[in-house]
J.: 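Handing you this structure, nothing more for now.
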Amino acid sequence: MESQNYLTIAIEKMGHVMLDDRHMKASDIYKTAVKLHKKEDYNPPSYNEDKFKVRSVFEKDGLCFYVMPKDRATEFFMYIHGGGFVSRITHNEWKFVFDTVERTGYGAVVPIYPLAPEHSVTEALDMLTGAYDKLCDSEDVQRLVLLGHSSGGCLALSLAIQLWKKGRRRPDKLILCSPVLDTEFEDTELEQKMSDKSRFMYRYYYTPGIKHFLSAYWVKDAAGRTDMTSPVYYDITDICDEMDIFTTNDDMLNCYARRLYDNASRTNMKVHYYQYYAVTHDYLEHPLIPECKTAGCIKGDSDFVPADIENDIWCRAMMAERYPKLYEDNEAIKLTDKLGIEHKKRNARYTFYDRTVMMERLVAVDERVRNFINRYADGIIVNVGCELDTMFSRVDNGRIKWYNVDLPERIDIRRKYMEIRDREVNIGSSIFDYEWLDEVQKPQDVAILFVVYDMMRYFDKDKLKLFLDAIWKKYPGAEVVFDAKNSVAKHRWNRSVFVGKNKGTMLRVSIDNCTSLMYDWNIKYKILCDEPILREADLERMFSHSEARRFRHAIKKKYDKVIHLRLGTEHFLDNM
């Protein structure tokens with residue numbers, strides 16, 4: 001695949017065995033799978049022979065490929081491919097394996113395990129256990145990571161359980177990417193969530209025919225053996241020391257990944273949970289999607305920073321280096337060097353207009369925050385979705401109190417790379433789990449501002465309305481600053497993402513008439529600012545006069561805007 005392109009991804013998935021017809025019965029899937037197995041080629045591509053040493057080893061009912069770097073490897077990962085338990089490893093999965101070996105220096109073991117309908121889960125796990133034992137016996141293995149993708153995630157977790165039960169060497173780390181975790185669909189509530197048709201995207205879906213097929217041809221005699229068929233319900237207390245779970249918000253399997261994370265969090269295991277938004281279920285197979293690089297955490301959690309966090313740091317560092325008179329952020333420049341973020345590759349991911357908006361948005365949001373600080377020098381500021389943002393150091397007046405809110409695993413990353421300052425508090429929570437509002441300590445006579453910078457990709461209009469409503473109910477009189485696009489800019493952005501010009505996430509919310517929308521949502525909301533992000537004065541300082549003129553129409557139509565609201569009133573704010 002030569003471009004990150006939603007259209008190309010959709011076309012690629014049209015050939016998948018379970019994607020031909022949502023009304024297929026188990027017998028139809030059986031016939032299609034058998035026919036597909038006769039055509040599939042599971043061999044690694046030959047163009048990598050000069051870079052790596054590749055050899056094959058036969059196992060019971062299967063085959064294993066060893067992909068080794070030219071130098072001797074003592075650290076390995078076993079990659080268990082996806083494919084709905086019926087499809088072989090794809091060309092893009094092979095590319096992922098080779099790229100990971102090249103980036104990490106690890107050796108890779110790729111089992112070509114038995115598939116349905118000819119074989120069952122029992123046969124597949126027997127083969128995988130044998131391959132795992134042979135690797136441990138034949139190589140000097142100092143570190144071993146199990147990595148499973150989609151249906152391979154289910155097998156990886158089941159394999160780890162089997163190894164623990166038999167007293168074999170445990171993997172040092174378990175990485176599960178968009179994992180299938182229940183092939184018997186024991187929990188009807190989770191099955192119902194997975195059946196939500198709004199999540200049937202990129203030609204992945206769930207039907208009774210798939211359930212009956214797996215029961216008849218994959219589970220077979222292992223029915224009721226949750227350690228083999230539905231490992232999400234099994235005791236995983238001691239199966240490994242560390243686990244990373246990767247999932248996407250719109251994936252129909254997301255509910256199972258969340259259940260596994262909740263279970264693992266109750267053990268002594270070190271567990272990390274990474275959730276992306278508006279990304280395909282099989283993002284791992286598409287090498288130019290930034291999230292494909294998530295397996296860089298094979299070498300250790302301290303080495304891994306998600307691609308969207310790196311993009312934000314890159315943008316701030318680029319702005320600070322190119323236009324220091326408009327924006328200063330030495331901390332972002334240091335983070336860029338520390339993480340090895342390259343400007344050249346990321347510049348090509350966005351159009352000139354969108355790069356400019358990303359940079360100007362930093363200036364516009366900082367200006368609104370400073371406006372609040374000038375009015376309320378002892379106020380409270382909550383940075384919602386903080387990632388590795390350095391805003392506190394940029395705007396601090398020495399008196400404000402600052403809260404950072406983000407997912408727990410992202411707060412952990414923040415703690416690794418950034419020191420906590422005086423008057424700063426980190427809160428690890430989903431921004432849509434509004435219980436985190438209780439952790440913000442606000443005296444009655446102190447003003448509070450919520451900053452939602454570059455977070456609209458996570459919202460639709462219903463979520464945005466609920467978010468503002470939750471803040472209003474908890475802190476009437478609070479102020480909120482966020483950026484948004486109007487409907488024209490949203491359409492252009494989504495079209496650019498769809499055809500591959502912008503490497504980002506499709507947006508689901510736009511705001512044209514802010515006054516009308518806020519009046520519909522809550523008559524008590526007051527608009528303090530609704531201005532275009534782009535400003536001619538700044539653009540004249542950044543570019544030549546002729547280049548700056550190109551943005552006049554976008555400024556006039558307010559394609560991209562910064563919005564500053566006050567949600568209701570408190571008595572001490574009435575004289576504002």
J.: If I compare all heavy atoms of Ile236 with all of Pro231, which pair ends up nearest, and what's the gap?
T.: CG2-O, 4.3 Å
J.: Counting distance only, does the side-chain N/O of Lys558 pair as donor-acceptor with the main-chain N or O of Asp530 below 3.5 Å?
T.: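 Looks like yes, one N/O pair under 3.5 Å.
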J.: State, with a plain yes or no, whether a side-chain heavy atom of Val481 is found less than 4.5 Å away from one of Val562.
T.: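 When only atoms from C-beta onward are counted, Val562 and Val481 do touch, with a gap below 4.5 Å.
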J.: In terms of side-chain geometry, is the basic nitrogen of Arg414 or Asp389 positioned less than 4.0 Å from the acidic oxygen of its partner?
T.: no
J.: Using a strict 4.0 Å threshold on nitrogen-to-oxygen distance, state whether Asp187 and Arg259 make a salt bridge.
T.: yes
J.: Between the side chain of Ser230 and the main-chain N/O of Asp182, is any donor-acceptor distance below 3.5 Å?
T.: no
J.: Can you tell me how far CG of Leu176 sits from CG of Leu157, rounded to the nearest 0.5 angstrom?
T.: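 Here the rounded value is 6.0 Å.
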J.: Do the side chain of Lys401 and the main chain of Val425 share a donor and acceptor less than 3.5 angstrom apart?
T.: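 Pair absent, no side-chain N/O of Lys401 close to backbone of Val425.
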J.: Just verifying a value: how many Å separate Lys561 NZ and Phe482 CZ, rounded to the nearest 0.5 Å?
T.: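 Going from NZ on Lys561 over to CZ on Phe482, the span is 9.0 Å.
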J.: Determine, for Lys465 against Asp462, whether the closest basic-nitrogen to carboxylate-oxygen distance falls under 4.0 angstrom.
T.: no
J.: Would you check if the side chain of Asn397 reaches a backbone N or O of Ala377 as a donor-acceptor pair within less than 3.5 Å?
T.: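 Checked: pair present.
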J.: How far apart are the closest heavy atoms of Leu517 and Ile511, and which atoms are they?
T.: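 Leu517 and Ile511 have their closest heavy atoms at CD2-CG1, 4.0 Å.
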J.: With ring pair (Phe, Tyr, Trp, His ring centres under 6.0 Å) as the criterion, how do Trp314 and Tyr350 come out once you've worked through the C-alpha distance, each side chain's angles and the decisive distance to 0.1 Å?
T.: CA-CA 13 Å; Trp314 157 75; Tyr350 303 97; 5.8 Å; yes
J.: Verify the neighbour count for atom OH of Tyr519: are there more than 12 heavy atoms of other residues, nucleotides or ligands below 6.0 Å?
T.: no
J.: Which of these passes side-chain hydrogen bond (donor to acceptor under 3.5 Å, both in side chains) with Lys485: Asp512, Asn494, Asp560?
T.: Asp560
J.: Search all heavy atoms of Ala317 against all heavy atoms of Thr336 and return the closest pair with its distance.
T.: CB-OG1, 3.1 Å
J.: How far does CE of Met269 sit from CE of Met243, to the nearest 0.5 angstrom?
T.: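 CE of Met243 is found 4.0 Å from CE of Met269.
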J.: Is the shortest distance from a Lys or Arg side-chain nitrogen in Glu331 or Arg421 to a carboxylate oxygen in the other one below 4.0 Å?
T.: yes
J.: Decide, yes or no, whether a salt bridge links Lys473 with Asp469 under the criterion of side-chain N to carboxylate O below 4.0 Å.
T.: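 Yes, Lys473 and Asp469 are salt-bridged.
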J.: Quick check with a 6.0 Å cut-off and a 45 degree axis cone: is Lys463 positioned over the face of Phe432's six-membered ring?
T.: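 Checked: cation-pi criterion met.
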J.: Does the Tyr475 side chain pair with the main chain of Leu437, one donor and one acceptor, at a distance under 3.5 Å?
T.: yes
J.: If you define the side chain from C-beta out and look only at heavy atoms, does anything of Ile411 sit under 4.5 Å from Ser429?
T.: no
J.: If only atom types and distance count, is the side chain of Arg457 paired as donor or acceptor with the main-chain N or O of Asp454 below 3.5 Å?
T.: yes
J.: Does the separation of the ring centres of Phe185 and Tyr256 fall below 6.0 angstrom?
T.: no
J.: Got a salt bridge between Asp354 and Arg492, using NZ or NE/NH1/NH2 to carboxylate O under 4.0 Å?
T.: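 Salt bridge flag = no for Arg492 with Asp354.
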J.: Does some side-chain heavy atom of Met391 sit less than 4.5 Å from a side-chain heavy atom of Trp402?
T.: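 The answer is yes, as the side chains (C-beta and beyond) meet within the 4.5 Å cut-off.
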J.: Would you say the side-chain atoms of Thr183 pair up with the backbone N or O of Thr229, donor to acceptor, closer than 3.5 Å?
T.: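 Yes: the side chain of Thr183 pairs with the backbone of Thr229.
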J.: Step by step, work out the side chain to side chain contact (heavy atoms under 4.5 Å, CB included) result for Tyr327 and Met359.
T.: CA-CA 9 Å; Tyr327 179 83; Met359 292 187 291; over 6 Å; no
J.: State the OH-NE2 distance between Tyr261 and His272, to the nearest 0.5 angstrom.
T.: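 Rounded to the nearest 0.5 Å, the OH-NE2 separation comes to 9.0 Å.
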J.: Taking all non-hydrogen atoms of both residues, which atom of Ile413 and which atom of Pro306 are closest, and how far apart?
T.: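 So the two residues come closest at CD1-CD, 3.5 Å.
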J.: Do Ile400 and Tyr376 have side-chain heavy atoms sitting under 4.5 Å apart?
T.: no
J.: Roughly how far, to the nearest 0.5 Å, is the CG atom of Asn426 from the CG atom of Asn404?
T.: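 It is 5.0 Å, given to the nearest 0.5 Å.
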J.: Is it true that the side chains of Tyr274 and Asp244 contain a donor and an acceptor less than 3.5 Å apart?
T.: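 Absent: no donor and acceptor within the cut-off.
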J.: State, to 0.1 Å, how close Ala156 and Leu174 come at their nearest heavy-atom pair, and which atoms those are.
T.: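 Taking Ala156 first and Leu174 second, the nearest heavy atoms are O-CD1, 4.0 Å.
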J.: Answer whether the closest heavy-atom distance between the side chains of Arg535 and Glu367 falls below 4.5 Å.
T.: yes
J.: Can you confirm if the aromatic rings of Phe372 and Phe450 lie within a centre distance of less than 6.0 Å?
T.: no
J.: Using 0.5 Å steps for rounding, measure from the OG1 atom of Thr247 to the CZ atom of Arg258.
T.: 9.0 Å
J.: Are side-chain heavy atoms of Ile471 and Ile448 found at a separation under 4.5 Å?
T.: no
J.: Is there a side chain to side chain contact (heavy atoms under 4.5 Å, CB included) between Val305 and Lys416? Walk through the geometry before answering.
T.: CA-CA 10 Å; Val305 176; Lys416 289 172 189 172; over 6 Å; no
J.: Answer yes or no: is there an ion pair linking Arg316 with Asp312, defined by an N-O contact shorter than 4.0 Å?
T.: yes
J.: What's the shortest heavy-atom distance between Leu534 and Ala554, and which atoms?
T.: CD1-CB, 4.3 Å
J.: Do Glu387 and Asp406 touch side chain to side chain, with heavy atoms closer than 4.5 Å?
T.: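 With C-beta onward as the side chain, the pair touches.
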J.: Is the backbone of Phe392 close enough, under 3.5 Å, to the side chain of Asp396 for a donor and an acceptor to pair up by distance?
T.: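 Pair absent, no side-chain N/O of Asp396 close to backbone of Phe392.
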J.: Which is it for Arg368 and Asp483 under the salt bridge (Lys or Arg N to Asp or Glu O under 4.0 Å) test, yes or no, and what are the steps along the way?
T.: CA-CA 11 Å; Arg368 298 313 307 172; Asp483 59 279; over 6 Å; no
J.: Is the count of non-hydrogen atoms from other residues, nucleotides or ligands lying under 6.0 Å from Glu328 atom CD greater than 12?
T.: no
J.: Is the backbone N or O of Thr248 less than 3.5 Å from a side-chain atom of Asn254, with the two atoms forming a donor-acceptor pair by type?
T.: yes
J.: Quick check: are there more than 12 heavy atoms from other residues, nucleotides or ligands sitting under 6.0 Å from CG of Asp433?
T.: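 Counting other residues, nucleotides and ligands, CG of Asp433 exceeds 12 neighbours.
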J.: Run Tyr458 and Val452 through side chain to side chain contact (heavy atoms under 4.5 Å, CB included) and show every step you take.
T.: CA-CA 11 Å; Tyr458 301 140; Val452 190; over 6 Å; no
J.: If the plane angle is over 60° it's perpendicular, under 30° parallel, otherwise tilted; pick one for Tyr353 and Phe551.
T.: parallel
J.: With no hydrogens and no angle check, is any side-chain donor or acceptor of Tyr273 less than 3.5 Å from a backbone partner on Leu260?
T.: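 Pair absent, no side-chain N/O of Tyr273 close to backbone of Leu260.
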J.: Take atom CG of Asn268 as the centre, draw a 6.0 Å sphere, and report whether it contains more than 12 heavy atoms from other residues, nucleotides or ligands.
T.: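 Atom CG in Asn268 is not packed in, count stays at 12 or less.
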J.: Using the rule given for side chain to side chain contact (heavy atoms under 4.5 Å, CB included), can you reason through Ser510 versus Asn486, listing the C-alpha separation, both sets of side-chain angles and the distance that settles it, and then say yes or no?
T.: CA-CA 5 Å; Ser510 62; Asn486 68 14; 5.6 Å; no
J.: Would you check if Glu479 and Arg375 make a side-chain contact, meaning some heavy-atom pair closer than 4.5 Å?
T.: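 Side chain of Glu479 against side chain of Arg375, heavy atoms only: contact under 4.5 Å found.
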